[in-house]
K.L.:
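I am attaching a structure below and will ask some questions about it afterwards.
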There are 2 protein chains.
Amino acid sequence: MRSDARKNYDHLLSIAREAVAERGADASLRDIARRAGVGLATLYRHFPTREALLEALLRSTLDELAQKAADLQSSKTSDEALTLWLRDAVAFVQGYHGVVAVMAAALEDADSALHASCTNLRSAGENLLIQAQADGKARADLDGIDLFALIGALGWVGDQPAFNSRVDRIMRVVADALLASK
Amino acid sequence: MRSDARKNYDHLLSIAREAVAERGADASLRDIARRAGVGLATLYRHFPTREALLEALLRSTLDELAQKAADLQSSKTSDEALTLWLRDAVAFVQGYHGVVAVMAAALEDADSALHASCTNLRSAGENLLIQAQADGKARADLDGIDLFALIGALGWVGDQPAFNSRVDRIMRVVADALLASK
DNA sequence: ACCTGAACACCGTTCAAGT
DNA sequence: ACCTGAACACCGTTCAAGT
């Protein structure tokens, strides 16, 4: 990449980070380009789709979250690991309004720029779930996608101003449900 | 209302019903007016806000759902009533993409056209929850707003194509969590 | 190789002008 | 009393033209 292009790329990404934190996953791309002082087509050149932009923004965080699952798995009991990771995953999802809907779509769309990161994340959570199930600590009738859906649902709850203050409590209810013996 | 106005009103409402069923709660108002063969300002005259349109669309269904809660309360045991009503509420929410986010906002906004219907619905569910709690059949650490949030969360799950097939299962998990003894 | 401005086809919302 | 068309300020996406 040419150095002027690199500079635009980095600057766009940092402006986009602010915009997505403020406005959520469907922040105006036009506005991001404008605030970055760059032509709109330049944004499209670097990030051909919204998913590509979000992927560049979130990849490292998503990878860390997946890594965290592996770490917990080797350092905690399976039920603790699942509970603690759920808390981390929900905390992440809370940080970016609406991003989890995009991630849910990416899970099914192999062409999405976010597909690999999301599949990786699903798989990381799935491993925790499987271990807890094998230990008889988690409900046997759920899989990794259900776990992803539950995290997404908690993200949605947190995105609603009316419910935002209740996320922690509702998350505990969900955690209890996951870890029920049924 | 003049008879030509009444005709426009009714026709707009029936077109809007189709559009919202197809496209969800943020269906294009412009498109609704166009399909109804009416000027856009005519739509705004009859329904000054999107909430006003949704209210006209959903009021009777929402009232029925609240009534259903009362019926179940007097005909079933408290835990059965809560489970059955949850199922109905989730089925409703599934029918209209994104509508539950608007309803969540309306719960907090006393000026919203949907405020009364949503408060009424929350209150109906709350009664079922309180009864079940009094019978020691439901978790004591949740209230009517939490119940509303859980229904909304299940609506969100159903709105994601990747998760849609899992709604019933996840709803059962939530129901079990609600009815846990904790 | 990279960038820009303008174009196209959409929105929601408001308002002056018509009957 | 009711309706319409046009205007305004936004979108996302694409593409010819510039350096």
Side-chain angles (χ1 to χ4, degrees), chain A residues 1-57 96-99 101-102 105-106 109 111-114, chain B residues 1-57 96-99 101-102 105-106 109 111-114:
Chain A
M1 202 179 314
R2 235 164 59 179
S3 76
D4 54 342
R6 164 105 263 151
K7 211 172 121 194
N8 280 337
Y9 181 94
D10 292 341
H11 192 215
L12 273 167
L13 214 48
S14 95
I15 297 288
R17 176 156 276 123
E18 287 174 27
V20 170
E22 275 172 33
R23 307 277 183 188
D26 37 49
S28 159
L29 298 179
R30 233 189 174 87
D31 189 49
I32 290 170
R34 201 159 34 216
R35 280 157 66 172
V38 131
L40 184 48
T42 300
L43 183 151
Y44 274 91
R45 156 174 283 271
H46 288 300
F47 308 103
T49 62
R50 181 174 231 106
E51 281 73 28
L53 178 59
L54 290 172
E55 198 268 342
L57 232 46
Y96 300 94
H97 281 209
V99 102
V102 181
D109 176 9
D111 295 335
S112 165
L114 275 164
Chain B
M1 200 179 316
R2 235 164 58 178
S3 77
D4 55 341
R6 163 106 262 152
K7 212 173 120 193
N8 279 337
Y9 181 95
D10 292 341
H11 191 216
L12 273 167
L13 214 48
S14 95
I15 298 286
R17 177 156 275 123
E18 287 174 27
V20 170
E22 275 173 33
R23 307 278 183 187
D26 38 49
S28 159
L29 298 179
R30 232 188 174 87
D31 188 50
I32 290 171
R34 200 159 34 217
R35 282 156 66 173
V38 131
L40 183 48
T42 301
L43 184 149
Y44 274 91
R45 155 174 284 270
H46 288 298
F47 308 104
T49 62
R50 187 181 288 277
E51 282 73 28
L53 178 59
L54 290 173
E55 198 268 341
L57 232 46
Y96 299 93
H97 281 208
V99 101
V102 181
D109 176 9
D111 295 336
S112 165
L114 276 164

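Reminder, nothing fancy here: chain letters follow the sequence lines and each chain counts from 1.
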K.L.:
Any side-chain heavy atom of Y96(A) sitting closer than 4.5 Å to one from L54(A)?
P.N.:
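Counting from C-beta outward, Y96(A) and L54(A) never come under 4.5 Å.
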K.L.:
Find the partner of dA1(C): check Watson-Crick (N1-N3 plus N6-O4 or O6-N4) and G-U wobble (N1-O2, O6-N3) distances, both under 3.5 Å, and reply none if neither fits.
P.N.:
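Its partner is dT19(D) (Watson-Crick or G-U wobble, both distances under 3.5 Å).
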K.L.:
Quick one: look up who dA6(D) pairs with, Watson-Crick or G-U, both distances under 3.5 Å, and put none if it's unpaired.
P.N.:
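The answer is dT14(C), by the H-bond criterion.
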K.L.:
Could you walk me through whether V20(B) and L53(B) pass the side-chain contact (heavy atoms from CB on, under 4.5 Å) test, one step at a time?
P.N.:
CA-CA 10 Å; V20(B) 170; L53(B) 178 59; 5.6 Å; no
K.L.:
Are side-chain heavy atoms of V38(B) and H11(B) found at a separation under 4.5 Å?
P.N.:
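With C-beta onward as the side chain, the pair stays apart.
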K.L.:
Check DNA chain C against residues 33-42 of chain A and give the residues with a non-hydrogen atom under 4.0 Å, in numerical order.
P.N.:
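Those residues are V38(A), G39(A), A41(A), T42(A).
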K.L.:
I'd like to know if the side chain of R17(A) reaches the main chain of L57(A), judged simply by a donor and an acceptor atom lying under 3.5 Å from each other, with no hydrogens or angles considered.
P.N.:
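Yes, because the side chain of R17(A) sits within donor-acceptor range (under 3.5 Å) of the backbone of L57(A).
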K.L.:
Answer whether the closest heavy-atom distance between the side chains of V102(B) and R50(B) falls below 4.5 Å.
P.N.:
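Of all side-chain heavy-atom pairs linking R50(B) with V102(B), none is under 4.5 Å.
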K.L.:
Should the pair D31(B)-R34(B) be classified as a salt bridge under the 4.0 Å nitrogen-to-oxygen rule?
P.N.:
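Looking at D31(B) and R34(B), the cut-off is met.
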K.L.:
With heavy atoms under 4.0 Å as the rule, sort R45(B) into base, sugar-phosphate or nothing.
P.N.:
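Here R45(B) touches the bases of the nucleic acid.
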K.L.:
Do R23(A) and H97(A) touch side chain to side chain, with heavy atoms closer than 4.5 Å?
P.N.:
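Side-chain contact under 4.5 Å: no.
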K.L.:
Earliest and latest nucleotide of DNA chain C, 5' to 3', sitting under 4.0 Å from a non-hydrogen atom of chain A?
P.N.:
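Using the under 4.0 Å cut-off, the span is dA1(C) to dA7(C).
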K.L.:
Do L29(A) and Y44(A) make a side-chain contact, defined as non-hydrogen atoms from C-beta onward lying under 4.5 Å apart?
P.N.:
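Yes, at least one pair of side-chain atoms sits under 4.5 Å.
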K.L.:
Using heavy-atom distances to pick each residue's nearest nucleotide on DNA chain D, tell me which of D31(A) and H46(B) is more 5'.
P.N.:
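That would be H46(B).
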K.L.:
Closest-nucleotide mapping onto DNA chain C: is D26(B) or A5(A) further toward the 5' terminus? I mean the 5' end.
P.N.:
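The residue closer to the strand's 5' end, by nearest nucleotide, is A5(A).
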